[in-house]
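One structure is given below, encoded as structure tokens.
Residue numbers begin at 1 in each chain, while the letters A, B, ... track the order of the sequences. Just so we're clear, the structure is a prediction, and the values are computed from it rather than from any experiment.
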Amino acid sequence: MTDGIAKDRLEKLQALRSAGQDPFPPRVPRGQPIASVLSDFAQRTGQTVTLAGRLGVIRDFGKLRFAHLEDRSGSIQVGFQRDKLAAFWPDRKRIEGNDLVSITGELGTTQKGEPTLWATEVTLASKALRAAPEKWHGLTDTEQRYRMRYVDLFANAEVRQSFAMRSRIVREVRAYFDSLDYLEVETPILQPIFGGASARPFITHHNTLDMQLYLRIAPELYLKRLLVGGMERVYEIGRVFRNEGISTRHNPEVTMLESYEAWADYRDIMARVEGLFAHLCQRVLDGKTKVTFREKEFDLQPPFQKEKYLDLFAQQNPGTDWFDHQSVLRRAKELHLKTDGIEPAKLANDVFEATVEDTLQGPIFVYDYPVAISPLAKRVPEDPRITERFELFVCGMELGNAFSELNDPIDQEQRFLEQMQHKDDETPGEVDFDYVTALEYGMPPAGGLGIGIDRLCMLLSGSTSIRDVVLFPLLRREVAVPVEPHDVPVAPPDAPK
RNA sequence: GGGGGCGUAGCUCAGCUGGUAGAGCAGCGGCCUUUUAAGCCGUAGGUCGCAGGUUCGAUCCCUGCCGCCCUCACCA
């Protein structure tokens, strides 16, 4: 806060105070959204209105000044004329670009027809002590944009747009499940046993209980307890935390949708997913079904393509048997995959991911996954090695995962115990026996679904990086720079004590 | 963690073969009542990410470190 611009602005702030004006008044005339006067501007010419927002660069003509005023709905030109602002005119330079203001005036046009609010009353709403980024390029430095998202947002309208879209997506996901009579619920984020997915957790501690807790990696096991409890249709949209690497598709905390529906199976859930995408295209993309993502076009119009996991595996790895460890090992080495200490099923799936995932342009449902990599899914009746599970892929990116939920407590317990045999740091430290107990009370057959909301937002908004759909992505801490305190009185000199 | 790229004024960026830095915008002073990336005249503003090294001399070359981006690995 030591640069020259800040000094100039601080001086203006003090000058305002000395003149008895509050640079941060508790309230100002608020008026109406700017868009509301622009939509039928022709009819409004001559009307007096009040608009409030952030001032852009001021174009100064001496006795006439122009600037744009921007609020959440849009922006409009404001004209300041000395003739109409006699009282304000001497103070005009204390209000400058980037300040927040409320302006009352008459709607009209310029000689070139630009809709303009000709100011008759100007009220400073909040003094900006820092200048806005350059008007033409905005803030482009990626690091600055993430660290100072507040600047990114007001400087770059398209960033506001894309987060507005994220908000609409979440709202419409809710609307979709609400319309199907699902209940939205909230389950614990702090969990004594982490489960429901395969990921390394964040570990924390509760002081009073002196108990180690994990930030959840998935809400799954709690939501299915609700099925046992008779809630039949539930969903949760909430944060999950995975202590993994950070990349364009991975943030340590992401927003997950999980839904569970009793008396449904994975075929029904496929239809739900297709219905959800149709709904989102309708309500978020205004009926458009085509999106551009990573320079390719994808049509989200259901029905989606459907292929069996093992068929895709066989196509890309002819001669390799997913269930034969020796043949998988051979193929994995051919692909230069890490094979040491990798459990056979995991390795076979690594081969799948290495050879198949990039080919999945989609939208495509990959279905019938091996049981060894699907510990919570129900087996298909014809083959105990396979489960009723599918994943949704678009552009090689996994968007969702769903299955007919395993409700056989004995099978579930055995699979948990099996997991304990070849435990890694992504496996829970202990079996969630309470979950098994819940199943023993009887869980209806059900279909469950998980969709990564962040990736869904990436797809629908065409964002290449997850950081462009997360308001405050995690970054390393900056080296702390001691801040010099403002040496400025906070009240005018003659204020009562 | 590997590979590649980047870091220069508040913002966006130049800066040649090594000779201690420049523009536009923003700021400040001035002119201008119809501009809209306004214009014109003047002016101020720098730990060239940080720390070493080489050199008579480093924004530039070398090493290490910090941060960001891309990519690979990792990652339901």
Touch class at under 4.0 angstrom, heavy-atom based, for T109(A) against every strand present: nothing

Phosphate contact (U71(B) OP1 or OP2) by T248(A) side-chain N/O below 4.0 Å: yes

Sugar-phosphate only, base, or nothing, as touched by A199(A) at under 4.0 Å among non-hydrogen atoms: sugar-phosphate

5' precedence on RNA chain B between E258(A) and R476(A) (nearest-nucleotide basis): R476(A)

Per E244(A) side chain, nearest of listed nucleotides C75(B), A26(B), U34(B): C75(B)

Inter-nucleotide P distance (A38(B), G2(B)), Å rounded: 47 Å

Contact under 4.0 Å: K63(A) side-chain N or O vs U35(B) OP1/OP2: no

Selection from C11(B), U36(B), U33(B) that lies nearest to any side-chain heavy atom of T110(A): U36(B)

Short side-chain N/O contact from Q144(A) to OP1 or OP2 of C68(B), under 4.0 Å: no

Side chain to side chain, F393(A) and P363(A), heavy atoms closer than 4.5 Å: no

Watson-Crick or G-U wobble mate for G42(B), both contacts under 3.5 Å: C28(B)

R59(A) vs U35(B): side-chain N/O to OP1/OP2 distance below 4.0 Å: no

Nearest-Å distance for atom pair CG/P, residues D60(A) and A37(B): 17 Å

Proximal nucleotide (of U36(B), U34(B), C11(B)) relative to the Q77(A) side chain: U36(B)

hbond_proxy H250(A) side chain to C75(B) base (donor-acceptor, 3.5 Å cutoff): yes

Nucleotide nearest E220(A) (side chain, heavy atoms from C-beta), chosen from A76(B), G27(B), C11(B): A76(B)

Residue A131(A), side-chain heavy atoms: nucleotide from A26(B), G30(B), U71(B) that is nearest: A26(B)

Separation of atom NE2 in H68(A) from atom P in U34(B), rounded to whole Å: 17 Å

L475(A) CG to C66(B) P, straight-line distance once rounded to whole Å: 16 Å

I58(A) CD1 to C32(B) P, straight-line distance once rounded to whole Å: 18 Å

Rounded distance in Å between the P positions of C68(B) and U8(B): 15 Å

Single hit among Y309(A), F390(A), Y266(A), F277(A) for ring pair (Phe, Tyr, Trp, His ring centres under 6.0 Å) with F365(A): F390(A)

Candidate nucleotides U36(B), U12(B), G27(B), ranked by approach to the side chain of K12(A) - the nearest: G27(B)

Whole-Å gap separating P (A26(B)) and CG (L139(A)): 17 Å

C1'-based separation of C31(B) from G22(B) [nearest Å]: 27 Å

Within 6.0 angstrom of K84(A) NZ, more than 12 heavy atoms from elsewhere: yes

Parallel, tilted or perpendicular: rings of F416(A) and Y435(A) (30°, 60°): tilted

Distance between C1' atoms of A23(B) and C61(B) (Å, rounded): 27 Å

Any donor-acceptor N/O pair, N317(A) side chain to T320(A) backbone, under 3.5 Å: no

Test: R267(A) cationic atom under 6.0 Å from Y367(A) six-membered ring centre, within 45° of axis: yes

Spacing of R82(A) atom CZ relative to C31(B) atom P, expressed in whole Å: 12 Å

T140(A) side-chain N/O to U12(B) phosphate OP1/OP2 under 4.0 Å: yes

C69(B) phosphate, OP1 or OP2, under 4.0 Å from R467(A) side-chain N/O: yes

Short side-chain N/O contact from K135(A) to OP1 or OP2 of U12(B), under 4.0 Å: no

R389(A) to Y369(A) six-membered ring, cation-pi geometry met (6.0 Å, 45°): yes

Gap in Å between the two P atoms, one belonging to G18(B) and one to G29(B), rounded: 43 Å

Sugar-phosphate only, base, or nothing, as touched by G113(A) at under 4.0 Å among non-hydrogen atoms: nothing

Proximity to the side chain of F61(A) - top-ranked nucleotide from U34(B), A76(B), A26(B): U34(B)

Sugar-phosphate, base or nothing in reach of K84(A), heavy atoms under 4.0 Å: nothing

S73(A) side chain to A35(A) backbone, donor-acceptor under 3.5 Å: yes

Sugar-phosphate, base or nothing in reach of R147(A), heavy atoms under 4.0 Å: sugar-phosphate

Sugar-phosphate only, base, or nothing, as touched by G450(A) at under 4.0 Å among non-hydrogen atoms: nothing

Partner of F352(A) by side chain to side chain contact (heavy atoms under 4.5 Å, CB included), out of L312(A), L347(A), L310(A), V328(A): L312(A)

Whole-angstrom distance between G24(B) and C56(B), as gauged at atom C1': 37 Å

Distance in angstrom units between M256(A) CE and A76(B) C1', rounded: 8 Å

Contact nearer the 5' end of RNA chain B, comparing G62(A) with D141(A): D141(A)

Given U35(B), A76(B), A37(B), the nucleotide with the shortest approach to the side chain of W136(A): A37(B)

Rounded P spacing from G3(B) to C65(B) in Å: 11 Å

Sugar-phosphate, base or nothing in reach of D83(A), heavy atoms under 4.0 Å: base

C1' gap between U34(B) and G39(B), integer Å: 14 Å

Options C11(B), U35(B), C70(B), nucleotide nearest the side-chain atoms of K112(A): U35(B)

Per E114(A) side chain, nearest of listed nucleotides C32(B), U36(B), U12(B): U36(B)

Integer-rounded Å distance: C74(B) C1' and N349(A) CG: 14 Å

Short side-chain N/O contact to A76(B) OP1/OP2 from S198(A), under 4.0 Å: yes

